[in-house]
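Small disclaimer: the values here were computed from a predicted structure and weren't measured. All ligand and atom numbering here is 1-based and tracks the order in the structure.
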Amino acid sequence: VTTATQIDLETRVGPLVLRTPVVAASGTFGYGDEFSGHLPLERLGAVVTKTVTCEARAGNRPHRVCETPSGMLNSIGLENVGLDAFRARKLPRIRELPCPVLASIGGENPEELERLVAALEEEEGLAGYEVNFSCPNVRAGGARYWADARRLTDTVARLKARTRRSLWAKLSPNATDPGELALAAEAGGADALTVCNTFVGTAVDLERREFVLGASTGGLSGPAIRPLALAQVYEVTGRVRIPVVASGGVVTAAHVLEFVLVGATAVQVGTAHFVDPAAGVALARDLEAECARLGISRLEALRRAVRPAPPGSVAG
Ligand SMILES: Cc1cc2nc3c(=O)[nH]c(=O)nc-3n(C[C@H](O)[C@H](O)[C@H](O)COP(=O)(O)O)c2cc1C
C-alpha cells in the first residue's frame, strides 16, 4: 500500500525544481502577491504572473468575460500594470512569496520582449519567464503574429541569450500544426513549453443581435477545453524533448494526472481560480491522496505512459 508520505511530488521543469507540479496560470491569479497571507502559497509548485508588457495597458472594452457551457470566454486584452509599476510595486512583494514566481511577459515584437527581459534581469526574485506568444485578444503581438516558426525560434534565442533564468514559451492552440511551433520554440532554446493558451471563440446575443464581448471574439477556457488541451499536449510531447507544462481545463487532482499521462511534466490551473481562488492550492494538496489511491509513487513513471484502448472497446 502506498501511503501519502511516500509520494514525492517534486518536479523538475528543465533546470527549475518545483515542490509540486501544480502551477497557477497567468492571468488567473493576479501577480501572486494578492493572495499572500490568504492562501498557503507554499503548496504551489509556482505562480505565473499576469502578462506584463512594456507599457501599462487598460485592456479591451467590456464585456470582457462571459460564461459558456463548461467554460468561459475572456477578451481581457492584456490589462496590466506595465513594466515600471511591476518593478516598483509588484516585485518587492513577489520576492517575499514562499513559492517560485515566473513573470509572464508579452510584446508586440522581439525588441519589446528583449527590453522586458533586460529590465527584469536587473531584479532579484524571479525564477523565470513565461513568454506569452499566444494571446488571442490583442491586435498587435498576439497569437497570429507569433505563429511564424522562424520568428519564434529567433525571438526565443534572443531572449535566451539575455538570461540564465528559466524561459518557458506559451503557445497558442490555434495553429494548423501546433507541433511545428513547439519545435520552433525548442530550437530557439526554450527550457519548457506551456501548452496551451485559450482557444478563439465567441458568443452572440440573439435578442440584441450583437456579440456579447466588446472585442467581438475572445479566448475559451475551463473544463470545455480540457479534451482539446489533452490532445495538444499529447501531440506536442510526441514532437519535442523539452518539458511541457499543460494548461487547459484543470479542476481536480485527477485532471493533473491525466495530463501527466499524456506527457505533461507540470500542470497549470487557470479558470478554476475564478470559481475558487484556493482551487490550485486545494488541488495540490489533493494530489497526494489521488496518487495514493492510484498506487502512484513517482509521477515520472506516469509521464506519457498512456496506452491505446484495447481492441473491441466500443467507440464513443
Ligand atoms: C480571464 C483570463 C485571463 C487570462 N490572461 C492571460 C494572460 O495574461 N497571459 C497568458 O499567458 N494567459 C492568460 N490566460 C490563459 C490562462 O493562463 C490559461 O492558459 C487558459 O485559461 C487555459 O487554462 P484553464 O482552462 O485552466 O483556464 C487567461 C485566462 C483567463 C480565463
Side-chain angles (χ1 to χ4, degrees), residues 22-32 44 46-53 56-60 62-82 86 90 102-107 113 116 128-138 141-143 146 168-174 178 185 192-201 213-215 217-233 244-253 255-256 258-259 264 266-277 279-280 283:
V22 181
V23 174
S26 179
T28 70
F29 208 66
Y31 299 86
L44 291 175
V47 167
V48 184
T49 70
K50 175 67 189 175
T51 297
V52 176
T53 52
R57 296 177 67 127
N60 291 327
H63 298 299
R64 308 201 301 186
V65 291
C66 101
E67 196 168 340
T68 61
S70 298
M72 71 183 275
L73 285 161
N74 92 80
S75 59
I76 306 292
L78 299 187
E79 175 185 356
N80 78 98
V81 297
F86 181 73
K90 290 295 174 185
L102 290 94
S104 170
I105 54 172
L113 289 172
L116 286 156
Y129 307 100
E130 183 182 79
V131 191
N132 184 353
F133 289 121
S134 44
C135 183
N137 301 320
V138 288
W146 294 111
W168 298 1
K170 184 164 178 180
L171 302 179
S172 167
N174 297 296
L193 306 173
T194 303
V195 177
C196 49
N197 212 314
T198 52
F199 289 76
V200 172
L213 297 170
T217 62
L220 184 65
S221 64
I225 70 166
R226 194 170 59 250
L228 306 171
L230 278 166
Q232 293 261 332
V233 169
V244 167
V245 182
S247 169
V250 171
V251 180
T252 68
H255 300 153
V256 172
E258 289 176 16
F259 273 106
V267 178
Q268 298 189 350
V269 180
T271 297
H273 285 132
F274 293 103
V275 179
D276 178 6
L283 186 157

Exercise for review: Can you sort out which atoms of ligand 1 are near K170, meaning under 4.0 Å from one of its heavy atoms?
Suggested key: 10 (C), 11 (O), 12 (N), 15 (C), 16 (C), 17 (O), 18 (C), 19 (O)
Exercise for review: Can you measure from SG (C135) to CH2 (W146) and round to the nearest 0.5 angstrom?
Suggested key: 13.0 Å
Review point. Relative to the heavy atoms of T271, which atoms of ligand 1 are at a distance of less than 4.0 Å?
Key: 24 (P), 25 (O), 26 (O), 27 (O), 31 (C)
Review point. In ligand 1, which numbered atoms sit nearer than 4.0 Å to a non-hydrogen atom of K50?
Key: 5 (N), 6 (C), 7 (C), 8 (O)
Review point. Is ligand 1 under 4.0 Å from a heavy atom in the side chain of N132, in the backbone, in both, or in neither?
Key: side chain
Review point. Between atom OG1 of T217 and atom CG of N137, what is the distance when rounded to the nearest 0.5 Å?
Key: 6.5 Å
Review point. How close does the nearest protein non-hydrogen atom get to atom 29 (C) of ligand 1, and which residue and atom is it?
Key: N74 ND2, 3.6 Å
Practice item. Provide the closest heavy-atom pair for L213 versus R64 in the form atom of the first, atom of the second, distance. Key: CD2-C, 3.7 Å
Point to revise | Short N or O distance, T28 and ligand 1, threshold 3.5 Å exclusive | key: no
Exercise for review: Pull out every atom of ligand 1 sitting under 4.0 Å from any heavy atom of C196, numbered as shown with elements.
Suggested key: 19 (O)
Review point. Which heavy atom of R57 sits nearest a heavy atom of G77, and at what distance?
Key: NE-O, 3.7 Å
Review point. Below 3.5 angstrom, do we get any N/O pair linking A25 and ligand 1?
Key: no
**Study point:** Modelled atom types, side-chain donor and acceptor of S172 and S134, under 3.5 Å
**Key:** no
Review point. Of the protein's non-hydrogen atoms, which lies at the shortest distance from atom 15 (C) of ligand 1, and what is that distance?
Key: N197 OD1, 3.5 Å
Revision key, fill the gap. At under 4.0 Å between heavy atoms, what of L78 touches ligand 1? The answer is side chain
**Study point:** ligand 1 N/O within reach of T198 N/O, cut-off under 3.5 Å
**Key:** no
Point to revise | Taking atom 21 (O) of ligand 1 as the reference point, the nearest protein heavy atom with its distance | key: S221 CB, 3.2 Å
Check your understanding: Backbone or side chain, does any N or O of G249 fall under 3.5 Å from an N or O of ligand 1?
Key -> yes
Revision key, fill the gap. Rounded to the nearest 0.5 Å, the OG atom of S26 sits from the NZ atom of K50 at a distance of 6.0 Å
Exercise for review: Give a yes or no on whether H273 atom NE2 has more than 12 heavy-atom contacts from other residues, nucleotides or ligands under 6.0 Å away.
Suggested key: yes
Exercise for review: Check the side chains of N80 and T53 for a donor-acceptor pair under 3.5 angstrom, ignoring hydrogens and angles.
Suggested key: yes
Check your understanding: Would you say the side-chain atoms of N197 pair up with the backbone N or O of K170, donor to acceptor, closer than 3.5 Å?
Key -> no
Check your understanding: So is there a nitrogen or oxygen of G270 less than 3.5 Å from a nitrogen or oxygen in ligand 1?
Key -> yes
Check your understanding: Using heavy atoms and a threshold below 4.0 Å, how should the contact between T51 and ligand 1 be classified: side chain, backbone, both, or neither?
Key -> both
Exercise for review: For atom 18 (C) of ligand 1, grab the closest protein heavy atom and report residue, atom and distance to one decimal in Å.
Suggested key: S247 OG, 3.3 Å
Review point. Who's the nearest protein heavy-atom neighbour of atom 3 (C) of ligand 1, and how far?
Key: G27 O, 3.4 Å
Check your understanding: Which protein heavy atom lies closest to atom 13 (C) of ligand 1, and at what distance to 0.1 Å?
Key -> S26 O, 3.1 Å
Check your understanding: Is it the case that N132 and T51 place a side-chain donor and acceptor less than 3.5 Å from each other?
Key -> yes
Point to revise | Contacting atoms of ligand 1, where contact means under 4.0 angstrom from a heavy atom of F274 | key: 1 (C), 31 (C)
